[in-house]
Amino acid sequence: MQGNDHDFRFGRWPLCMQRGKKFHVSGYAEVSTRKKTFAEVQTERLDQAERTVLIKCPSKLNEKKLLQYLASHGNVKSHFFFENRGISALIEFSEKSSITSLQDAVGIPSASEHHVVPFKSRLFTFTLKNPVSQHVEETPLHLSPQSHIPVKDLIEKLCLADSISSQMYILLNEYQLTEENIRLRFLACSLVRDFARAYFPDSTVKPFGSSVNTFGKLGSDVDMFLDFRDTGRHATKMKKGPFEMEYQMKRLPSERLATQRILSVIGDCLDNFGPGCANVQKILNARCPLVKFSHQPTGFQCDLSVSNSIAIRSSELLYIYGCLDSRVRALVFTIRCWARVHGLTNSAPGTWITNFSLTMMVMFFLQRRSPPIIPTLDQLKELAGKHSCLCLLQLIFYCTFVLSKVINKPNLKERLYVLLGEFFEYFGNFDFRKNSINLRKGKEVNKPESSPLYIWNPFEQDLNISKNVNQPQLEKFIAMARESAWILQKEDKTQQMINKEPWGLAALLIPFGKNNSSKMKNRMKGIGSETIRSLLDSLKLNNASSQQKAVGK
Ligand code: CTP
Ligand code: MG
């Protein structure tokens with residue numbers, strides 16, 4: 001499809017993004033995969049999640065026996081096992097009615113032992129009256145991993161690769177969401193939806209952010225939102241008669257207050273009665289009010305908010321970019337991993353760059369290549385306008401020719417390792433004092449205000465998505481980018497392999513310790529490039545100023 005097809009060999013794309021061919025995931029039916037819109041993927045996945053249950057299993061499990069029991073309630077379409085405080089099974093039935101049948105057949109703990117809230121959930125425990133008679137199978141259960149390998153192990157793997165581009169695809173392959181992990185994420189949303197419906201019968205709960213934008217990493221949080229849009233549509237349809245439903249129309253002075261009230265009751269409800277919901281925190285005064293909780297049955301940290309069209313559209317935009325070219329995701333995963341290793345990002349909120357901002361920076365860089373690798377948002381919109389039946393949602397159908405339509409000579413050839421080095425050079429030298437990052441135009445534009453890092457929200461122009469970043473964090477990012485550009489330029493793979501030293505991307509994923517400054521002097525010998533010299537000079541300047549600061553303390 002793209003000019004760098006040979007680079008696909010390491011790509012293990014999750015189900016939602018495989019395109020144009022048939023493929024087979026172990027245990028699942030063969031799926032024909034034409035291109036799918038973001039909305040289609042969401043609908044399909046949510047439907048699948050609604051036919052799914054989660055079963056806690058004994059440590060020694062007879063898989064056949066479990067499936068036999070389940071078969072009496074209906075056809076099991078697919079299943080897998082995973083470890084999360086013991087072994088659990090995710091079971092997808094062909095029909096929703098099988099779940100009702102299973103729910104009707106199970107016992108609820110009697111009130112004398114537990115005080116239970118009579119809520120029929122889709123979480124079950126599998127126990128046999130006579131476990132001794134259960135013969136454990138000789139073949140051990142296959143447990144689908146739900147977390148990525150530690151960085152140390154990743155570095156070892158990377159050292160065995162044959163090029164930096166291959167290393168980047170290996171990293172992508174190890175870190176990206178698996179088919180099973182995506183199913184679990186949608187199931188978590190669907191289980192929360194069951195609960196939300198107790199209050200709001202027509203509501204749905206959908207994932208957004210990195211769970212669905214093609215840039216999700218194993219272990220990342222699940223961002224989910226309560227959606228009343230379907231309810232809204234229904235209400236408008238019904239408006240023809242003379243009646244209005246008062247309970248749906250309780251008027252509050254602001255949308256924000258309504259959001260806070262809704263989240264407050266759902267938060268309390270999850271806290272008091274939500275099966276497996278723990279550590280529920282209501283953060284209602286944030287710019288975007290949310291409820292944080294850990295969903296123990298699936299093992300995810302979740303952030304629940306109320307439908308936020310800007311966040312949904314940016315998830316969709318990133319989904320489109322992620323599907324356009326295989327290099328996009330490989331570069332984003334690499335930069336995000338690099339940033340995490342060097343403490344530039346952090347899972348706790350703070351003054352550091354977020355993964356979302358970092359992803360937008362990569363997109364901007366790819367728009368700025370000459371020729372560009374991805375189109376700007378304005379170009380996408382223009383294309384959408386030309387095809388009257390085509391809205392942005394459907395653009396993904398056309399992604400194979402989007403590039404040639406909006407960019408005269410799309411950049412298909414630039415290798416990943418070149419892009420990696422150029423990314424570091426580009427942002428190592430970016431004039432952050434004067435310029436901001438505008439993905440809509442694909443241009444550096446004057447900063448409208450003095451935030452150290454200004455990235456325009458593509459869907460709400462007055463919003464800076466990196467407003468939280470302070471000057472020291474930005475400086476740290478610039479210094480790391482310069483150091484990394486320098487390391488890549490000076491790369492001597494053969495020598496490093498002989499010395500059994502990490503090379504290429506592996507060398508970039510080791511924190512740059514104090515030893516590096518002495519190594520840096522050695523590396524300086526024999527460097528001809530003016531760019532590198534100026535990079536080093538600016539590094540020296542930075543070091544001197546930070547030393548001065550330290551002395552001043
Ligand atoms: N978002 C936004 N503006 C921000 C921050 C977030 O529009 N300033 C939206 C984006 O759509 C983002 C989503 O909220 O993808 C979730 O935010 P977050 O969890 O911070 O980022 P993720 O993209 O999900 O990345 P991560 O894997 O780190 O969770
Ligand atoms: Mg997230």
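Numbers for residues simply follow the sequence, beginning at 1. The structure presented is a predicted model; accordingly, all values stated were derived computationally and were not measured. When a ligand or atom number is given, it counts from 1 through the structure's own listing order.
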**Q** Any N or O on Arg287 sitting closer than 3.5 Å to an N or O of ligand 1?
**A**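 N/O-N/O distance below 3.5 Å does not exist for this pair.
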
**Q** Judging by distance only, is a nitrogen or oxygen of Ser210 under 3.5 angstrom from one on ligand 1?
**A** yes

**Q** Do Phe365 and Glu422 have side chains that get closer than 4.5 Å, going by heavy atoms?
**A**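 Result yes, sub-4.5 Å side-chain heavy-atom pair found.
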
**Q** Enumerate the atoms of ligand 1 whose separation from the nearest heavy atom of Ser314 is less than 4.0 angstrom.
**A**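 Those of ligand 1 that fall under 4.0 Å from Ser314 are 7 (O), 10 (C), 11 (O).
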
**Q** For the side chain of Arg482 and the backbone of Gly428, is there at least one donor-acceptor N/O pair under 3.5 Å apart?
**A** yes

**Q** Would you say Arg122's side chain and Asp194's backbone share a donor-acceptor pair under 3.5 angstrom?
**A**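 Checked: no pair found.
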
**Q** Look only at interatomic distance and state if Ala311 has a nitrogen or oxygen under 3.5 Å from any nitrogen or oxygen of ligand 1.
**A**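 Between Ala311 and ligand 1, an N or O pair is found under 3.5 Å apart.
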
**Q** Report the C-alpha separation of Gln296 and Ser294 in whole Å, then their side-chain angles, then the decisive distance to 0.1 Å, and conclude whether the side-chain hydrogen bond (donor to acceptor under 3.5 Å, both in side chains) test is met.
**A** CA-CA 6 Å; Gln296 292 178 336; Ser294 63; 4.6 Å; no

**Q** Quick one: which of Phe356, Phe208, Phe225, Phe215 has a heavy atom closest to atom 6 (C) of ligand 1?
**A** Phe356

**Q** Atom CZ of Arg340 and atom CH2 of Trp352: how far apart are they, to the nearest 0.5 Å?
**A** 9.5 Å

**Q** Taking Asp223's backbone N and O only, do any of them form a donor-acceptor pair with Asp303's side chain (distance below 3.5 Å, no angle check)?
**A** no

**Q** Judged by non-hydrogen atoms, does Ser315 sit under 4.0 Å from ligand 1?
**A**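 The answer is yes: ligand 1 sits under 4.0 Å from a heavy atom of Ser315.
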
**Q** Strictly less than 4.0 Å: does any protein heavy-atom distance to atom 20 (O) of ligand 1 fall in that range?
**A**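 False for atom 20 (O) of ligand 1.
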
